[in-house]
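Heads up: the structure comes next, in structure tokens.
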Amino acid sequence: MLDPKLIRDNPEKIREMLKARALDFSMDDFIKLDKERRELIIKTDELRKTKNQISVEIARKKKSNEDTSGLIGQMQSVSQELQRLEESQEKAEDAYKKLSLTLPNLIHESVPIGKDETANKEIKKWGNKPTFDFKILDHIDLTQNLGLVDLERAAKVSGARFYYLKNQLVRLNQALIQFALDFLSEKNYTPIQTPYMINRNSMEGAIIAQDFEDVIYKVEGEDLYLIGTSEHAIASMYCDEIIEGKSLPLRYAGVSSCFRKEAGAHGRDQKGIFRVHQFDKVEQFVFSRPEESWNEHERMLSLVEEFYQKIGIPYRIMLLSSGDTGKISAKTYDLEAWMAGQNSYREITSCSNCLEFQARRLKIRFRDRTDEQPQYLHTLNSTLVATTRTMVAILENFQTKDGHVSIPHALQKYIGSNTI
RNA sequence: GCGGGGGUCGCCUAGCCUGGUAGGGCGUGGGAUUGCUAAUCCCAUGUCCGUAAGGACCCGUGGGUUCAAAUCCCACUCCCCGCGCCA
């Protein structure tokens, strides 16, 4: 959600953003609705004032045993009128809120303008792509040959895009989680394992309406949704709270399973474990002072880089274009890992600054002194490791001539072995 | 799941029976006064509208009764205690 005052005073800024994101949104309707809503607030407030005055007067007269029948008659008509006004005010308020929840975040000035991922900008490359003196396999063949994944039975039991992990791949999955938690703990992040289901209010604070359809699973008959990432559960943690300024930044290392519908991804990455409905993830989530959030953003990205350097996966960093940036984010970096079996770089992490967008939706504020106005803080999130995708990169890049996979040095102590 | 008790403006608490402007304490911040490891006093400390003056709203949430609801009624929700069930 954006600052209503900003929308009112600088509508051209919002129009610019909508154009950059290539979105249809009627700003004129929105501004009209805002005006309507505020006029109704003023009207109802005035009537309430009258009502309060009469009410006080009735109380006073009753105390001194004076006649109140005239006043009570007045109150009756005021109350009726007020009820009518309140109804239309509520309607206007709801319409405004509904529309404002669909409005995406601002775009940072450093973000390249473009309609889709073709306008993304590569800003860095790290590592040497591995070379092989034998015919290499993709992760699908590797996992089949080594008995690491059972897709057929998962399809039977759950459906497409599900999987059974088996044998050493289960250990690799755990090793990545453990390594990621150790890594972030060293950087003073607080480990946190979140609820995997959250209610609608929390979900609405963390994501934008459209995503409910495309990404989020609903639990039937309950006000509960499966989280698409621990980000959703961490963002809503401090909902409706005012945080002491001195405790910022709050840095969390969230660990959870993640659940995604992957609607609209038909045909893409149909096989294997690259694009699946369920995976584990260690996530960085930061609640930051507004003036610090851009530093935090760069810091998060640098930690992601350090992590993949330690594992030894070649990557490139992409700055997403305006059209490819998620609606809640003002600026997003993706880390794309080299995947030898596919002979291409593929997205494995995403690092975003949401500014006050989520905080405003969730009413998360902070203040340094109790006598000052609380202000919205900034929220940032970045994948550290989404285990399935990182495992694909490891399997494909670290495969050996004999059809096995060597385990990256940094992970060996967690598995107690150096090959799969 | 059953029975009982609760949810008040950061925290604690009064008010509820008997409807009529939500009071006090603590903490925190600011100020005043006095000065021996401090005390005392004053102000501020939820949201919205408004440039402001000011006003409205806020007692877990949503309804209802009433001229008027923190207070009465109904539903829901969360927490605590006991019982039951359970990995």
Side-chain angles (χ1 to χ4, degrees), chain A residues 1-10 30-101 193-205 219 221-225 233 236-248 250 257 287 289 356 358-377:
Chain A
M1 197 160 21
L2 298 172
D3 186 355
K5 287 200 176 74
L6 176 84
I7 299 170
R8 211 174 298 152
D9 300 339
N10 294 299
F30 190 57
I31 289 165
K32 204 177 126 202
L33 210 54
D34 180 42
K35 196 172 163 232
E36 226 175 85
R37 153 189 163 264
R38 283 182 301 140
E39 281 168 2
L40 278 165
I41 287 173
I42 291 168
K43 268 195 198 159
T44 49
D45 274 8
E46 268 168 10
L47 202 59
R48 284 204 191 102
K49 183 183 174 186
T50 312
K51 192 184 140 183
N52 288 342
Q53 283 169 344
I54 301 172
S55 182
V56 168
E57 190 64 6
I58 290 174
R60 193 187 61 76
K61 285 201 169 182
K62 283 234 166 169
K63 252 183 207 163
S64 55
N65 275 320
E66 293 176 56
D67 176 52
T68 55
S69 53
L71 284 174
I72 286 178
Q74 259 188 61
M75 272 288 260
Q76 274 166 336
S77 61
V78 167
S79 285
Q80 272 176 24
E81 172 69 14
L82 185 59
Q83 205 173 349
R84 270 199 298 278
L85 261 176
E86 275 175 342
E87 269 168 35
S88 48
Q89 191 218 325
E90 210 173 303
K91 253 186 221 160
E93 197 71 56
D94 283 352
Y96 176 82
K97 199 184 160 198
K98 211 172 157 196
L99 208 54
S100 79
L101 283 175
Q193 186 162 2
T194 70
Y196 290 2
M197 291 176 243
I198 62 179
N199 61 32
R200 181 163 189 107
N201 184 55
S202 305
M203 198 56 98
E204 265 178 349
V219 179
E222 306 274 345
D223 177 26
L224 286 173
Y225 298 82
S236 28
M237 259 175 88
Y238 290 100
C239 177
D240 291 323
E241 293 190 33
I242 299 171
I243 294 169
E244 272 188 72
K246 63 170 185 262
S247 62
L248 295 176
L250 289 166
S257 292
F287 298 91
R289 309 178 74 89
E356 60 172 45
Q358 286 178 324
R360 199 172 266 284
R361 287 170 157 241
L362 291 160
K363 286 209 190 70
I364 310 172
R365 290 162 298 164
F366 77 98
R367 65 180 164 201
D368 293 305
R369 301 175 7 178
T370 51
D371 62 340
E372 74 182 13
Q373 188 80 346
Q375 56 173 316
Y376 291 104
L377 45 72

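Letters A, B, ... are given to chains in the order of the sequence lines, protein chains preceding strands, and every chain is numbered from 1. All heavy atoms count here, side chains included; hydrogens, waters and symmetry mates do not. It should be emphasised that the depicted structure is a prediction, and the values quoted were computed from it without experimental measurement.
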Who pairs with [N] - Watson-Crick or G-U, where each distance is under 3.5 Å:
N: B:G1; result: B:C83
N: B:U28; result: B:A44
N: B:G35; result: none
N: B:C59; result: none
N: B:U77; result: B:G7

Might you confirm whether atom CD of A:Glu244 has over 12 heavy atoms from other residues, nucleotides or ligands at distances under 6.0 Å? no

Look up atom [atom1] in [X] and atom [atom2] in [Y], then write down how far apart they are to the nearest 0.5 Å.
X: A:Leu2; Y: A:Asn10; atom1: CG; atom2: CG; result: 11.5 Å
X: A:Asp3; Y: A:Ser100; atom1: CG; atom2: OG; result: 11.0 Å
X: A:Gln358; Y: A:Ser236; atom1: CD; atom2: OG; result: 9.0 Å

From CZ of A:Phe366 over to P of B:U45, roughly how many Å is that when rounded to an integer? 19 Å

Quick one: A:Glu86 CD to B:G64 P, roughly how many Å, whole number? 11 Å

Under a 3.5 Å threshold, yes or no: a donor from one side chain and an acceptor from the other, between A:Asn52 and A:Ser55? no

With [atom1] as the reference atom in both, quote the distance from [N] to [M] in angstrom, rounded to an integer.
N: B:G20; M: B:U71; atom1: P; result: 11 Å
N: B:G25; M: B:U8; atom1: C1'; result: 14 Å
N: B:G7; M: B:G60; atom1: P; result: 8 Å
N: B:C9; M: B:C59; atom1: P; result: 10 Å
N: B:U37; M: B:U45; atom1: P; result: 33 Å
N: B:U13; M: B:U66; atom1: C1'; result: 30 Å
N: B:G15; M: B:A69; atom1: C1'; result: 13 Å
N: B:U77; M: B:G84; atom1: C1'; result: 22 Å

For A:Asp368, give me all partners under salt bridge (charged side-chain N to carboxylate O under 4.0 Å, His left out), at least two apart in sequence or on another chain. A:Arg289

Below 3.5 Å is the cut-off: list the nitrogen or oxygen pairs between protein and nucleotides 26-29 of chain B, distance only.
unit_1 : atom_1 : unit_2   : atom_2 : d
B:U28  : O2     : A:Thr370 : OG1    : 2.3
B:G29  : O2'    : A:Arg369 : NE     : 3.2
B:G29  : O2'    : A:Asp371 : OD1    : 3.4

Would you check, one step at a time, whether the test side chain to side chain contact (heavy atoms under 4.5 Å, CB included) holds for A:Ile42 with A:Glu39? CA-CA 5 Å; A:Ile42 291 168; A:Glu39 281 168 2; 5.7 Å; no

Do the side chains of [Y] and [X] get nearer than 4.5 Å, heavy atoms only?
X: A:Leu362; Y: A:Tyr238; answer: no
X: A:Gln53; Y: A:Glu57; answer: no
X: A:Pro4; Y: A:Arg360; answer: yes
X: A:Gln89; Y: A:Lys43; answer: no

Between A:Tyr376 and A:Phe366, is the ring centre distance below 6.0 Å? no

Please assess A:Tyr96 against A:Asp34 for the test side chain to side chain contact (heavy atoms under 4.5 Å, CB included), listing each intermediate value before the final yes or no. CA-CA 6 Å; A:Tyr96 176 82; A:Asp34 180 42; 3.5 Å; yes

Salt bridge (charged side-chain N to carboxylate O under 4.0 Å, His left out): which pairs involve residues 89-98 of chain A, sequence neighbours left out? A:Arg37-A:Glu93

Can you pull every protein N or O that's under 3.5 Å from an N or O on nucleotides 65-73 of chain B?
none

What are the atom names and distances for every N/O pair under 3.5 Å that joins the protein to nucleotides 12-16 of chain B?
none

Sugar-phosphate means primed atoms, P, OP1 and OP2; the rest is base. With that split, encode nucleotides 47-58 of chain B 5' to 3' as B, S or - using protein heavy atoms under 4.0 Å. S-SS----BSS-

Could you go through the salt bridge (charged side-chain N to carboxylate O under 4.0 Å, His left out) check for A:Glu46 and A:Lys49 one step at a time? CA-CA 5 Å; A:Glu46 268 168 10; A:Lys49 183 183 174 186; over 6 Å; no

